[in-house]
Amino acid sequence: MDQVSLTSAYMWAIVVMVIFFLIATLIANMVLYKPNNPGTATCRLWFWILCVATGVVGFLINFFIGQGITVPTIKSAYLMHAAIATGVSVLLYIIIGFCVSKMFPSSKVGRWF
């Protein structure tokens with residue numbers, strides 16, 4: 001597994017981010033709104049739980065991929081880029097979530113922020 005590209009670390013992190021963002025959107029749309037309980041706390045809680053899960057799962061996938069690399073310099077470079085990709089994916093998750101919640105303020109995803 002010496003032929004691992006550094007861009008695969010970013011691709012895995014972005015794929016995980018998209019999956020967890022879609023799950024957050026699905027959960028927000030599944031929350032039932034009642035007259036006394038609008039469900040905003042539940043939507044926010046799940047949004048932030050999945051934000052943390054994006055970082056953890058994205059890094060773990062890249063970490064296990066990096067463990068298969070036998071050349072030490074390539075392995076350290078891959079793990080460094082895995083950490084950077086994790087930060088970028090979490091930041092993108094928050095930015096996209098903020099933009100979506102401001103674009104649709106009256107919808108269920110509009111209650112994330």
Side-chain angles (χ1 to χ4, degrees):
M1 193 149 163
D2 296 330
Q3 300 293 332
V4 174
S5 172
L6 295 178
T7 57
S8 69
Y10 294 97
M11 290 186 335
W12 277 110
I14 296 300
V15 165
V16 168
M17 185 269 305
V18 167
I19 290 170
F20 280 113
F21 188 81
L22 291 175
I23 292 172
T25 305
L26 182 68
I27 289 173
N29 286 320
M30 289 175 51
V31 170
L32 295 175
Y33 290 111
K34 299 174 185 171
N36 295 333
N37 182 14
T40 57
T42 305
C43 290
R44 283 187 190 136
L45 178 68
W46 276 106
F47 178 81
W48 290 107
I49 287 173
L50 291 172
C51 179
V52 171
T54 296
V56 171
V57 171
F59 183 76
L60 286 177
I61 288 172
N62 281 322
F63 181 76
F64 288 122
I65 290 171
Q67 293 304 311
I69 301 172
T70 56
V71 179
T73 56
I74 297 174
K75 181 177 183 176
S76 66
Y78 185 84
L79 292 177
M80 179 187 67
H81 283 277
I84 293 169
T86 300
V88 168
S89 68
V90 170
L91 190 62
L92 278 175
Y93 182 93
I94 294 170
I95 291 170
I96 292 171
F98 181 77
C99 291
V100 167
S101 70
K102 296 306 175 190
M103 284 172 42
F104 304 107
S106 61
S107 70
K108 292 182 178 183
V109 295
R111 294 173 173 48
W112 282 341
F113 285 93

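Predicted, not measured: the structure shown is a model, and the values here were computed from it.
- Looking at every heavy atom in both residues, K108 comes nearest to V31 through NZ-O, 3.2 Å.
- A 4.5 Å side-chain heavy-atom check between I23 and W46 finds every atom pair outside the cut-off.
- Note that CD1 of I65 is 11.0 Å distant from CG of L60, once rounded to the nearest 0.5 Å.
- A distance-only check finds no donor-acceptor pair linking the side chain of R111 to the backbone of R44 [under 3.5 Å].
- For the residue pair A28 and C43, the shortest heavy atom distance occurs at CA-SG, 3.9 Å.
- If you take CD1 on I27 and CZ on F20, they are separated by 10.0 Å, rounding to the nearest 0.5 Å.
- More than 12 heavy-atom neighbours from other residues, nucleotides or ligands sit within 6.0 angstrom of CH2 on W112.
- Under the 4.5 Å side-chain heavy-atom criterion for ILVMFWY residues, no single connected hydrophobic cluster contains both I61 and M11.
- A continuous path of hydrophobic side-chain contacts links L79 to F64 [ILVMFWY only; heavy atoms under 4.5 Å].
- The line from CG of L50 to CD1 of I19 is 12.0 Å long, rounded to the nearest 0.5 Å.
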Could you pull out all donor-acceptor pairs under 3.5 Å where a side-chain atom in residues 88-105 meets a protein atom, sequence neighbours excluded?
{"residue": "S89", "atom": "OG", "partner": "A85", "partner atom": "O", "Å": "3.3"}
{"residue": "S89", "atom": "OG", "partner": "T86", "partner atom": "O", "Å": "2.9"}
{"residue": "Y93", "atom": "OH", "partner": "F47", "partner atom": "O", "Å": "3.1"}
{"residue": "S101", "atom": "OG", "partner": "G97", "partner atom": "O", "Å": "3.3"}
{"residue": "S101", "atom": "OG", "partner": "F98", "partner atom": "O", "Å": "2.9"}

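- Here the shortest heavy-atom pairing between S5 and Y78 reads O-CE1, 3.6 Å.
- By the 4.5 Å heavy-atom criterion applied to side chains, T54 and F21 are not counted as neighbours.
- In this structure a side-chain-to-backbone donor-acceptor pair under 3.5 Å is missing from K75 to I69.
- Here H81 contributes atom NE2 and S76 contributes atom OG; the two are 9.5 Å apart, rounded to the nearest 0.5 Å.
- Atoms CG and CE, on N62 and M80 in that order, are 13.0 Å from each other to the nearest 0.5 Å.
- Here L22 contributes atom CG and M17 contributes atom CE; the two are 9.5 Å apart, rounded to the nearest 0.5 Å.
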